[in-house]
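Here the structure comes first, spelled out in C-alpha cells, and everything after it is commentary.
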Amino acid sequence: GRGGALEFGIGTGRIALPLAERGVRVAGIDSSEAMVARLRAKPGAEGIEVAIGDFATTRVGGAFSVVYLVFNTIFNLVTQDAQVACFQNAAAHLDGGGWFVVETGVPALQGLPVGQTIVPFRADPGGIGFDVYDVVTQRFSSQHYVFADGRVESSPVEFRYAWPAELDLMARLAGLRVQHRW
C-alpha cells in the first residue's frame, strides 16, 4: 500500500535500502551503532530514519503499514519477556490493518539424540563452528572460531529460539492475529 515500513534490527540496510529505492517510507531501529554507521555510508540511507536502541522497546514516530523482523533477528532477544515486548512494540507502531512480518527458521532439534546439546555447522581449515543448545530455556550459543595467521579468533553469539506456536501466542498477547505462516 501507501504506508511506511519499520524494520526492527535494520543493521546495514540490506532490506530497507531497496524498499526506500522503490519509494517506500522506511524507518528502522537497531542497537548497533557500528551497523547503522555502515548503513549511513550507503547511497540512499539519508532518507531513512534510524533510532539507536533495543527494538523490543524503542519507539520511532509515526504509524506504519508493516513492521518487519527478518533473518532470525527475533532470536537476538534472549528472553521470552523481551520477545513478547517486541511483539507489543510492533503492534504499537502499526496503523489499523497493518502487518507484523517475522521471518525465522525452526531449529531442527527433533533430530538430536537424547542428551546431545552441540550441533556442529562448520569444520574446515579456516575455522570451526557449532551451536550449543539448552532445550529447557530455549537458549543457544552459536560459537564461531576462525583460524588466521596462527591465531584463533572467537566470536560467540547468544540467542533464544521460539517455536511457531509460541510466536503465535506472543502475537495474540500483543493484540495481533496470525494471518499466514510459511
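In what follows, every heavy atom counts, from backbone to side chain, and hydrogens, waters and symmetry copies are set aside. Residue numbers start at 1 and run along the sequence shown.
- The line from CG of Leu69 to CG of Leu77 is 7.5 Å long, rounded to the nearest 0.5 Å.
- Of all the heavy atoms in Gln83 and Ala162, the pair that sits closest is OE1-CB, 3.8 Å.
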Using a 3.5 Å cut-off and no angle test, enumerate the donor-acceptor pairs between side-chain atoms of residues 170-182 and protein atoms at least two apart in sequence or in another chain.
unit_1	atom_1	unit_2	atom_2	d
Arg181	NH2	Asp168	OD1	2.9
Arg181	NH2	Asp168	OD2	2.1

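- Nearest heavy-atom pair, Arg122 versus Gly126, reported as atom, atom and distance to 0.1 Å: NH2-C, 3.2 Å.
- Between Val146 and His144, the closest side-chain pair of non-hydrogen atoms is not below 4.5 Å.
- Leu94 is connected to Ile74 through a chain of hydrophobic side-chain contacts under 4.5 Å among Ile, Leu, Val, Met, Phe, Trp and Tyr, so both are in one cluster.
- Take Gln88 and apply the side-chain hydrogen bond (donor to acceptor under 3.5 Å, both in side chains) test, not counting sequence neighbours, and it matches no residue.
- Closest heavy-atom contact between Asp30 and Gly9: OD2-C, 3.3 Å.
- Note: Asp54 CG to Asn76 CG = 10.5 Å, rounded to the nearest 0.5 Å.
- Ile29 and Ile48 fall into different hydrophobic clusters, defined by Ile, Leu, Val, Met, Phe, Trp and Tyr side-chain heavy atoms under 4.5 Å apart, directly or through other members.
- One hydrophobic cluster, built from ILVMFWY side chains closer than 4.5 Å, holds both Leu167 and Val135.
- The side-chain hydrogen bond (donor to acceptor under 3.5 Å, both in side chains) test applied to Asp149 returns no partner, not counting sequence neighbours.
- Contact annotation: the side chain of Arg14 approaches that of Val70 to within less than 4.5 Å [non-hydrogen atoms, C-beta and beyond].
- Ser142 and Asp131 share a donor-acceptor pair across their side chains, judged by distance under 3.5 Å alone.
- Phe140 places none of its side-chain heavy atoms less than 4.5 Å from the side chain of Val132.
- No donor-acceptor distance shorter than 3.5 angstrom exists from the side chain of Arg160 to the backbone of Ala82, with no hydrogens or angles considered.
- The side chain to side chain contact (heavy atoms under 4.5 Å, CB included) with Leu6 is formed by just one residue from the set His93, Glu49, Arg25; it is His93.
- At most 12 heavy atoms of other shown residues, nucleotides or ligands fall within 6.0 angstrom of atom CZ in Arg38.
- Side-chain heavy atoms closer than 4.5 Å link hydrophobic residues (I, L, V, M, F, W, Y) into clusters, and following such links, possibly through other members, connects Tyr68 to Val50.
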**Message:** What verdict does the side chain to side chain contact (heavy atoms under 4.5 Å, CB included) test give for Leu17 and Leu39, after you've listed the backbone C-alpha separation in whole Å, the side-chain angles of each residue and the deciding distance to 0.1 Å?
**Reply:** CA-CA 9 Å; Leu17 286 168; Leu39 163 65; 3.9 Å; yes
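- Across all their heavy atoms, Ser65 and Gly3 have their closest contact at OG-CA, 3.0 Å.
- Linking ILVMFWY residues whenever their side-chain heavy atoms come closer than 4.5 Å, directly or via other members, leaves Ile15 and Phe75 in distinct clusters.
- Within the 4.5 Å cutoff, the side chain of Thr58 has no heavy atoms near those of the Ile52 side chain.
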For residues 96-119, tabulate all N or O donor-acceptor pairs below 3.5 Å that involve a side-chain atom, not counting sequence neighbours.
unit_1	atom_1	unit_2	atom_2	d
Glu103	OE1	Phe71	N	2.8
Thr104	OG1	Asn72	OD1	2.8
Gln116	NE2	Ile118	O	2.7

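- When atom types are taken as modelled, the side chain of Gln143 and the backbone of Phe130 share no donor-acceptor pair closer than 3.5 angstrom.
- When atom types are taken as modelled, the side chain of Asp134 and the backbone of Arg139 share no donor-acceptor pair closer than 3.5 angstrom.
- In this view, Glu153 and Arg151 satisfy the side-chain hydrogen bond (donor to acceptor under 3.5 Å, both in side chains) rule, not counting sequence neighbours.
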**Request:** Output, in order, the C-alpha distance, side-chain angles, deciding distance and verdict of side-chain hydrogen bond (donor to acceptor under 3.5 Å, both in side chains) for Tyr161 and Gln138.
**Result:** CA-CA 6 Å; Tyr161 61 88; Gln138 294 176 227; 5.7 Å; no
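- Here the closest heavy-atom approach between residue Gly28 and residue Val60 is recorded as O-CG1, 4.3 Å.
- Listed by first and then second residue, the ring-ring contact (aromatic ring centres under 6.0 Å, His included) pairs that reach into residues 4-45 are Phe8-Phe55, sequence neighbours excluded.
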